[in-house]
Amino acid sequence: MAATSQDAGGSPRPDRNLALELVRVTEAAALAAARWVGRGDKIAADQAAVDAMRFVLDSVSMDGMVVIGEGEKDEAPMLYNGERIGDGSTPVVDIAVDPLEGTRLCALGMPSALAVIALAERGTMFDPGPCVYMEKIAGGEEIADLLDLDRPLLETLKLIAERKGGSVGDVTVVMLDRPRHEEAMRQVREAGGRIRLITDGDVSAALLAVSDRSPVDLLWGIGGTPEGVISAAALKSMGGQLLGRLWPRDDGERRAALDAGYDLDRILTCDELCSGEDVFFSATGVTDGDVLQGVRYRGPGATTESLVMRSRSGTVRRIHARHDRAKLRQIIGERYG
C-alpha cells in the first residue's frame, strides 16, 4: 500500500482510504442486482451485479488482481480468478469479490443478499486452490479464545454460555441449512441451544456472528472457502475470530489439494486467510437483512446501506446513500436500473 506521508511537523498524515472508493463498487453492484430481486432469475441477477462491479472497478486507481472471483476465465467472462483490474497504478493489491452473495436469496426476494469486495496487499490473501469448501467457526472478540474446530460444537456452546453467564439455551448459532449439518442441529436442539438456519450467505452470517448488534453468538459449519477469505478480511477490522479448515468434497478434490501441497489438517486463522496489514472491505445490502438494509426505491431514486472498513485504522463505517437513478443512467447507461 502507499506509504503514509508526513506534515511539516513530522506527524503522519492519513493516506488514501481505498475503502471509500470501494463502496462505490458495491453500491453499483447492489443497485444493479436489486432490479432482479424476486424475479426468479439468479443468473441474470448475478450477471447484472458482475457487470456493474466490473465497470466501476475499472475507474479505481490501483493495480488489482482478482484472487477470489467468479471462477476460472473460461467459466466467468468477468471478474475471473487472475484477472487484472483497476487503472494499473499503485497500490498493487489482491482483490476478493462476491458481486452478489446469495444469488438465490436475490432471485427469491429473501433476506441478506449482499454485494461484497475485499482488498489487501498483493500476495496476502489465501488461495484455496481446488478446495471449494471449508469448515468454519466464527465469533466476536469476547469469545474468540473459545473457538475450536476440533472440540465438539456442543462443548463450545457450553463454554460460551458459561462465559456469558447463562445457559446453553441463551446461545444462538447460525449455520447453513444442509444435510451435512443435521447431526449437529439435533445435538444443539436436544441440549436446549438455539439455531438460526440460513439457506445461503456465509459472509453475511460471519458478519452477524461478530456484530455487537446481533442476536447470534456463533457461526459454525461447512461453507464456501472463498466466503471464508472474504469474511476474514472483514473481521480484520470488526474484531473477533474466524477459524477455517479445508474440507474436500470427494477423493478427487482431496488428492488435488494434497498434490498441490495443501495441509488439510491445518487450522487457518483470520490472519492466515488474509495476512495483510492494510485490508479494505465493503459490503452493500441488496435485500433487507440483519446486517444491512437492502436497496429501497423512493420515486426516481434509490437508497443503499453499506458497511465500509479499513483494518489499519480499525474504522468501521455504516454508510447510508441516496442515489438519483436518472442521473446515474446518463453517466453509465442502464447498469443501475
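Start at 1 with the first residue, then count along the sequence.
Looking at heavy atoms from C-beta onward, Thr304 lies out of side-chain contact with Ile319 at the 4.5 angstrom threshold. Counting heavy atoms from C-beta outward, Gln47 and Val50 have side chains that approach closer than 4.5 Å. In this structure, Thr124 and Ser275 have side chains that are in contact, with non-hydrogen atoms separated by less than 4.5 Å. Residues Ile117 and Leu57 are in side-chain contact: their nearest non-hydrogen atoms beyond the backbone lie under 4.5 Å apart. By the 4.5 Å heavy-atom criterion applied to side chains, Lys158 and Val171 are not counted as neighbours. Leu208 is not listed as a side-chain neighbour of Ile198, based on a closest heavy-atom distance of 4.5 Å or more. Looking at Phe280 and Asn17, their side chains come closer than 4.5 Å, going by heavy atoms from C-beta outward. Looking at Asp278 and Glu121, their side chains come closer than 4.5 Å, going by heavy atoms from C-beta outward.
Interatomic distance, Ile267 CD1 to Leu243 CG, rounded to the nearest 0.5 Å: 6.5 Å. Interatomic distance, Ile222 CD1 to Arg249 CZ, rounded to the nearest 0.5 Å: 12.0 Å. Rounded to the nearest 0.5 angstrom, Glu227 CD and Leu176 CG are separated by 9.0 Å. Note that the CH2 atom of Trp36 and the OG1 atom of Thr103 stand 13.5 Å from one another [nearest 0.5 Å]. Considering OG of Ser231 and NZ of Lys136, their distance stands at 5.5 Å, rounded to 0.5 Å. Atoms CG and CE, on Leu153 and Met185 in that order, are 11.0 Å from each other to the nearest 0.5 Å.
A donor-acceptor pair is defined here as one N or O able to donate and one able to accept, closer than 3.5 Å; no such pair exists between the side chain of Arg312 and the backbone of Glu277. Without hydrogens or angle criteria, Ser61 side chain to Ser89 main chain gives no donor-acceptor distance under 3.5 Å. Looking at Ser237, its side chain never comes within 3.5 Å of a backbone N or O of Thr315 through a donor-acceptor pair. For Asp324 (side chain) and Gly301 (main-chain N/O), no donor-acceptor pair under 3.5 Å exists by modelled atom type. With Glu27 contributing its side chain and Thr284 its backbone, the two residues share no donor-acceptor pair below 3.5 Å. A distance-only check finds no donor-acceptor pair linking the side chain of Glu155 to the backbone of Pro152 [under 3.5 Å]. A donor-acceptor pair is defined here as one N or O able to donate and one able to accept, closer than 3.5 Å; such a pair exists between the side chain of Arg194 and the backbone of Gly169. Judged purely by atom type and a 3.5 angstrom limit, Ser214 uses its side chain to pair as donor or acceptor with the backbone of Val216. Between the Gln293 side chain and the Gly285 main chain, no donor and acceptor come within less than 3.5 Å of each other. For the pair Thr287 (side chain) and Ser112 (backbone), a donor-acceptor distance under 3.5 Å is present.
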**OP:** Output, in order, the C-alpha distance, side-chain angles, deciding distance and verdict of side-chain contact (heavy atoms from CB on, under 4.5 Å) for Val286 and Leu114.
**Re:** CA-CA 5 Å; Val286 177; Leu114 302 175; 5.6 Å; no
Subject >> Criterion side-chain contact (heavy atoms from CB on, under 4.5 Å) on Arg24 and Val60, from CA distance to verdict >> reply: CA-CA 10 Å; Arg24 296 189 302 113; Val60 178; 4.2 Å; yes
**OP:** Starting from the C-alpha separation in whole Å, work towards a yes-or-no answer on side-chain contact (heavy atoms from CB on, under 4.5 Å) for Leu22 and Val308.
**Re:** CA-CA 8 Å; Leu22 295 181; Val308 185; over 6 Å; no
**OP:** Begin with the C-alpha distance, continue with both residues' side-chain angles, and end with the deciding distance and a verdict on side-chain contact (heavy atoms from CB on, under 4.5 Å) for Asp98 and Ile68.
**Re:** CA-CA 8 Å; Asp98 198 341; Ile68 301 289; over 6 Å; no
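Here the closest heavy-atom approach between residue Ala107 and residue Lys42 is recorded as CB-N, 3.6 Å. When all heavy atoms of Phe281 and Val116 are compared, the pair lying nearest together is CE1-CG1, 3.5 Å. In terms of heavy atoms, Asn81 sits closest to Val67 at OD1-O, 3.9 Å. Minimum heavy-atom separation, Arg122 to Asp63: NH2-O, 2.9 Å. Shown here for Ala28 and Val56, the closest heavy-atom pair between the two residues is CB-CG2, 3.6 Å. Looking at every heavy atom in both residues, Cys270 comes nearest to Leu235 through SG-CB, 3.7 Å.
In summary, of the residues considered (His181, Glu182, Met175), a side-chain contact (heavy atoms from CB on, under 4.5 Å) with Arg178 occurs for His181 alone. The side-chain contact (heavy atoms from CB on, under 4.5 Å) test with Thr225 is passed by exactly one of Ile230, Leu246, Leu268: Leu246. Residue Ile95 is tested with Arg84, Met65, Met62, Glu83 for a side-chain contact (heavy atoms from CB on, under 4.5 Å); the sole match is Met62. Of the candidates Asp265, Asp150, Asp148, Arg245 forms a salt bridge (charged side-chain N to carboxylate O under 4.0 Å, His left out) with just one, namely Asp150.
By the neighbour-count criterion of 12 heavy atoms within 6.0 Å, atom CZ of Phe126 is densely surrounded, having more than that number from other residues, nucleotides or ligands. Atom CZ of Arg322 sits in a sparse spot, with 12 or fewer heavy atoms from other residues, nucleotides or ligands closer than 6.0 Å. Counting non-hydrogen atoms of neighbouring residues, nucleotides and ligands closer than 6.0 angstrom, the CD atom of Glu272 exceeds 12 such neighbours.
In this structure, a donor-acceptor pair under 3.5 Å is absent between the side chains of Thr172 and Arg196. For the residue pair Asp271 and Thr269, no side-chain donor N or O sits within less than 3.5 Å of a side-chain acceptor on the partner.
One finds no salt bridge joining Asp170 and Lys164 here, because no Lys/Arg side-chain nitrogen approaches an Asp/Glu carboxylate oxygen to under 4.0 Å.
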When the side chains of residues 138-145 are checked against the rest of the protein, which donor-acceptor pairs come out under 3.5 Å, sequence neighbours left out?
unit_1: Asp145; atom_1: OD1; unit_2: Arg163; atom_2: NH1; d: 3.0
unit_1: Asp145; atom_1: OD2; unit_2: Arg163; atom_2: NH2; d: 3.0

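Residues Val66 and Val229 do not share a hydrophobic cluster, defined by chaining ILVMFWY side chains whose heavy atoms lie under 4.5 Å apart. Tracing side-chain contacts under 4.5 Å through hydrophobic residues (I, L, V, M, F, W, Y), one never reaches Leu20 starting from Met309; they form parts of separate clusters. Residues Val316 and Leu292 share a single hydrophobic cluster, defined by chaining ILVMFWY side chains whose heavy atoms lie under 4.5 Å apart. One hydrophobic cluster holds both Leu207 and Met134 under the rule that ILVMFWY side chains link at heavy-atom gaps under 4.5 Å. There is no path of hydrophobic side-chain contacts, each under 4.5 Å, that joins Leu197 to Val203.
For Asp259, the salt bridge (charged side-chain N to carboxylate O under 4.0 Å, His left out) partners two or more places apart in sequence, or in a different chain, are Arg255.
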